Amino acid sequence: MYKPLIYLVIAIVISSCVNKEQTDLIVTNANIYTVDGEFSKAESFAVTNGKIVAIGSSKEINSKFVSNQSFNAEGKTIIPGLIDAHCHFYGLGLSMQKVDLRGTKSYKEVIDRIKQFQKEKNTHFILGRGWDQNDWEIKEYPTKEKLDKVFPKTPVAVRRIDGHALLVNQAALNLANIDEYTEISGGEFVKINGKLTGVLVDNAMGLINKIIPNESKKEAIQALKNAEKYCFDLGLTTVDDAGLSKETIDLIDSLQQAGDLKMRVYAMVSASKNNLDYYLNNGIIKSDRLNVRSFKVYADGALGSRGAVLKRPYSDRERHYGAMVTPLDTLVKIAKRIANSNFQMNTHAIGDSANTFILKAYANVLKSQTNRRWRIEHAQIIAPEDFDYFTEIIPSIQPTHATSDMYWATDRLGEERIKGAYAYKKLLDINGKIALGTDFPVEKVNPMLTFYAAVARKDLNGYPDGGFQMNNGLTREETLKGMTTWAAYSNFEEKEKGSIEIGMFADFIVLDQDIMTISLDKIPNIKVLETFVNGEKVN
Ligand SMILES: [Zn+2]
């Protein structure tokens, strides 16, 4: 070879390296649903400093970028990291330190599981969650006698699946000084023949909550880390925690700053007087991983425990309308205060009457303000005349609630009212966007179940055959948007997450199946192979 030619070859090699931009991570050969405005697909992208800097074909990206770290997806599907727009992330972590009663088929099984739990943990105050009398042969609230026999001295307090009813034993009632004469507004001590059964509904639970010992800081950190691992493994990269104390938010912030917690958290602040005073005075908190700019407010209870507030009585309980959890004038006062700030108000409203009240209150205090993105959490039963309010208000809904409740919701509501319940498609059509979540640990964490319930409107038993009220089913594209870019929008975060586009955080997940084309019945079994947050593998 002549010398000049050698120099030329070397020069080309050097210049092609020099011209390539150094990045932190290159992903190639993927089947990417970017969830951008056109819902377009791509093959490859490059990541620098936790953000996506280029996207295109594998050839394009390889020709322009070099990286020490590359990920060849070998044709697998990649979608944006999933957002759960309404969940209880910290609550999940705490529940992992409590007896899990989900899926129990009888009251006896509840007792057996508590016994087993106590044998292992030997705690001073037994806490648990997840029983649902609707799953039992005898679909009635339990009574505490059996619990008293097994645990005469150790207090026991176990929540119903929806968190709106609590079963306690006599030891717990004694500690809380509750007897048959104790009264409460916005709740109920369930009695039979004037005697306490040990079941407490909504505000009545507060008296027990007061005597439950607080978790230590060490336990709180453990809870957050356990919840994070569980959620990363299932493909969640942002969680909207619906109701946190200042103490927990501060703890999350400090763990994130130290690099000990990588989950992105949209923290809805529990709207207590103290919290409102503090955050409205101090303003929004925003970092790459934490966003504190909303309050969580409770209007009514839940449908399962007949706490949701209906316009007409429950179809399966005479003269019973449910109960507001927060007094009406307090709700209006809170709404006014938040309307005068730049915070968002996210209110739990399930019954049609509770929804009417909140929708009207929102409209009254917001007047002509736009882009406030206030949300109704659950928006479960909506009167026909109220749907139009959702042009400005974002419905934050949980598709697995529909498929969990469908077995008994018609009993509670009757044939007519059920038509305006779990009406996700109708809500979407009116707003143009919808935020999807689970309400875990009320429902399972797995976002594939949300996807399946939204599209198929069936539960894991494949019930019912044609799907539940299929006119309110969502398409796969709508569902994926609801779990990514629209959820991000409901958090004022659509410019930083929810899609795989230049400038966005490199939050994405790798699936073992193509969620957009695989047959519907296989969706619940889709596995998340890899979860990346900020370009870093976290599972
Ligand atoms: Zn919730």
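Order of listing sets the numbers, starting from 1, for every ligand and every atom in it. The first residue of the sequence shown is numbered 1, and numbering continues consecutively from there. Worth saying up front: this structure is predicted, and the values here are computed from it rather than measured.
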Closest to the Zn ion (ligand 1), which N/O/S atom of H88 is it?
-> NE2
Within a strict 4.5 Å, meaning less than it, do heavy atoms of the R289 and V533 side chains meet?
-> yes
Are a donor atom and an acceptor atom from the side chains of R375 and S490 found within less than 3.5 Å of each other?
-> yes
Of all the N, O or S atoms in D439, which one sits nearest to the Zn ion (ligand 1)?
-> OD1
Hey, is there an N, O or S on C87 sitting under 2.8 Å from the Zn ion (ligand 1)?
-> no
Answer whether the closest heavy-atom distance between the side chains of K246 and N275 falls below 4.5 Å.
-> yes
Residues E377 and S396: side-chain donor-acceptor under 3.5 angstrom = yes
